[in-house]
S.K.: 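Pasting a structure here, questions to come.
Read the numbers this way: they start at 1 and go in the same order the structure lists the ligands and their atoms. Note that this is a predicted model, so its numbers are computed, not measured.
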Amino acid sequence: MSKPENESSREQGLLQGLQNYGDRDFSIYMRRAFMKSMGFSAEELSRPVIGIAATASQFNPCHRHFPELVEAVRRGVTAAGGLALTFPTISLHESTLAPNSMKFRNLMAMDTEEMIRAQPMDAVVLIGGCDKTVPAQLMAAASASKPAIQLIGGPQMTSRYRDDRVGACTDCRKFWVKYRAGEIGNAEIEAVESRLVTTAGTCAVMGTASTMAAIAEALGMTLPGTAAIPAVHADRLRAAEATGVEAVRLARSRLTPDKIITAKSVENAARVLLALGGSTNGVIHLAAIAGRLGIPLDLRRFNELSDTTPVLAAVKPVGNEFYMEDFFAAGGVGAVLRELKPLLHLDCLTVTGQTLGERLAAEAGDYVDRRVIRSAQDPLEPHGGLVALFGSLAPDGAILKRSAATPELFEKEGRAVVFSSLDDLARRIDDPDLDVTPDDILVLQNAGPRSPYGMPEAGFLPIPKKLLAQGVKDMVRISDARMSGTAYGTIVLHVAPEAAAGGPLGLVRTGDRIRLSVKERRLDLLVSEEELARRRAEQANVQPELPARGYDRLFRETVLQAPQGCDFDFLTALGRK
Ligand code: FES
């Protein structure tokens, strides 16, 4: 006795999404038989089903505590009267994926979206942490249109190397720069290597993972106050259990992500990203999440937000002292949101059913450590940590993290020293004969989303060894690549259109003059239009080679540019045009 389509689509629990054998009752009977094989009673099988997207993997050290989190979520679901069913999805770690983890964010989003939709669940708990996992899960949740709640894995605790307090991975870079400059030797860098990451969790600074955790909370997709709890803190387990309880409530209320992720909550999240001086990757990921619901992240509007949002959090790589565990103890994302309150859309709904305004009212007067999270009246910087640049070198925009850059380089004209690819960079950057001075601007081409490298975090171009030896600590560096959220320097990223898509970045030649003006939000290539047209015509004869098959082919043919979040064109709300 099959029900009409519209009636069966309202089915809940295990009865939703049945296979169609032409006999609905048979489908139910078959499904129950298999589920009973796992030892569930008929009563348990009649409960609201809460899927738990579990991303533990031994290729993902940041997620090594996830089995414990899954158990805590399960405890919460069961206590609230639901049935918790765990399912695996792809897991992504920054250091174990080739060519880079960004290449697979959209694959993880597709996997997660399709499994949420295809499997019979009333709500889903998404457990993510390492850089690309939270954006992938939020993109999936936005598209899957089922009630969803994000649980963050939490940051690592810091460790010690001799007198230094250290944490991944701003300090990884600090020591590596010393090693490259010959200030420390092999034995010391090996000793440091064993001290940088000593607990479970995500990088201990305000890198991409912690930025995305804060964005998830600012969007309203996590329980309040949970984004920054350290991975190994007992509060993290309590947050996991409470998330399980909340998921059962969500299953009953049917509150879906499209009611939570709106144009207004995306602006709130952008404000938080700016106030944290957060990762540049956050701009790409937020654009991708918003794009799943047809909400554009306009970089010119982003600049308006940046001009009116103070930097409040002194967490590395901003400042030189505090880590995520300090940020958590100082009051976490809630403290930042309360300072930003006059700038936020307070009527945004959160996953608990409360509005943001109601949440913040309930937290008024909570403790804040002002050494770590400054007040809006006494900010670290009066303007946001990130700024979008436009000009003849970046017609569709580029991003600079000014809060982690050298202010003396903000207004700069210099000679371009160009590397045509990452291989070219690796080959020549430390060549003693490289013609480069501290006044030059380093340019890396063909490292954007459509390049064979798939937009790696290579925008943090190394300072040439011979300049390091002279004590040069920073230079203007420009590319269509990304940069780790833990990195720092005067680094212009995400130049769009990228070189591989025919952008002007691909037309730059060594010796050209480039002008950067943060004040004017401009990035210009000072070469005549006639000369650029000549170079363009020359390049038109060179056709890029596409991979023959598989995911590589799909990626290269459908990936969008950075301002559209590097999503695949057919996965956005609008789909392929
Ligand atoms: Fe996983 Fe940094 S490598 S968060």
S.K.: Using a 4.0 Å cutoff against the non-hydrogen atoms of C62, which atoms of ligand 1 qualify?
M.R.: 1 (Fe), 3 (S), 4 (S)
S.K.: Strictly by modelled atom types, are Y323 and D171 linked by a side-chain donor-acceptor pair under 3.5 Å?
M.R.: yes
S.K.: Answer with yes or no whether the side chains of R195 and S159 bring together a donor and an acceptor at under 3.5 Å.
M.R.: no
S.K.: So, H65 versus R236: side-chain donor-acceptor pair below 3.5 Å or not?
M.R.: no
S.K.: Tell me yes or no: between the side chains of N281 and E457, is some donor less than 3.5 Å from an acceptor?
M.R.: yes
S.K.: Ignoring hydrogens and angles, state whether a donor on the side chain of T572 or Q564 is under 3.5 Å from an acceptor on the partner side chain.
M.R.: no
S.K.: Would you say C203 reaches atom 2 (Fe) of ligand 1 with an N/O/S atom under 2.8 Å?
M.R.: yes
S.K.: Is the distance from atom 1 (Fe) of ligand 1 to the nearest N/O/S atom of H93 under 2.8 Å?
M.R.: no
S.K.: Can you list the ligand 1 atoms lying under 4.0 Å from a non-hydrogen atom of E94?
M.R.: 3 (S)
S.K.: With heavy-atom distances below 4.0 Å as the criterion, list the atoms of ligand 1 near A209.
M.R.: 4 (S)
S.K.: Which of the numbered atoms in ligand 1 are below 4.0 angstrom from a heavy atom of D131?
M.R.: 2 (Fe), 4 (S)
